Amino acid sequence: MQFDYLNSNEDDGLMSIEDLRALRLRRQKIESDKRAREYILAINQRYRKMKSNKSNNFLKEINPFRKSA
């Protein structure tokens, strides 16, 4: 049997119960890892967007020719 971490090419026809449980747990772990990566990616994209907007607004608000109070 050959098991690739992301692509499962295993034949589960002649596997023992323990092997089937282990395979199911590995598949669940892979799926949960994928969902976690997608969630973290979405958070990072939102943070980058907020950060870039904040820095752009900061640079626009700075006016070197404005009189200081």
Side-chain angles (χ1 to χ4, degrees):
M1 276 188 254
Q2 178 182 357
F3 185 77
D4 187 8
Y5 187 70
L6 295 176
N7 287 327
S8 175
N9 293 330
E10 288 190 47
D11 180 23
D12 56 357
L14 299 175
M15 297 175 74
S16 68
I17 293 174
E18 293 83 18
D19 291 339
L20 289 173
R21 285 182 185 152
L23 177 62
R24 182 175 52 87
L25 289 174
R26 281 188 295 213
R27 286 180 180 168
Q28 287 176 348
K29 184 179 183 324
I30 291 168
E31 290 302 317
S32 67
D33 288 347
K34 286 180 183 179
R35 284 193 300 270
R37 283 189 222 112
E38 289 174 5
Y39 179 70
I40 291 171
L41 177 66
I43 290 173
N44 287 339
Q45 286 175 342
R46 281 185 280 165
Y47 178 76
R48 279 189 225 115
K49 185 177 178 183
M50 288 179 356
K51 197 74 169 160
S52 68
N53 286 344
K54 193 179 215 181
S55 66
N56 287 341
N57 288 340
F58 177 75
L59 293 175
K60 287 178 184 176
E61 289 175 1
I62 294 177
N63 186 356
F65 303 107
R66 185 174 63 183
K67 293 181 183 178
S68 25

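Reckoned from all heavy atoms, side chains included, excluding hydrogens, waters and symmetry mates. Please read all numbers here as calculations on a predicted model, not as lab measurements. Start at 1 with the first residue, then count along the sequence.
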Drop me the distance from Arg21's CZ to Glu18's CD, to the nearest 0.5 angstrom. 6.5 Å
If you round to the nearest 0.5 Å, how far is CG of Leu14 from CG of Leu20? 10.0 Å
Is any side-chain heavy atom of Leu23 closer than 4.5 Å to one of Asp19? no
Can you measure from CG (Leu41) to CZ (Arg46) and round to the nearest 0.5 angstrom? 10.5 Å
Looking at Ile17, I want to see if its CD1 is surrounded by more than 12 non-hydrogen atoms of other residues, nucleotides or ligands under 6.0 Å. no
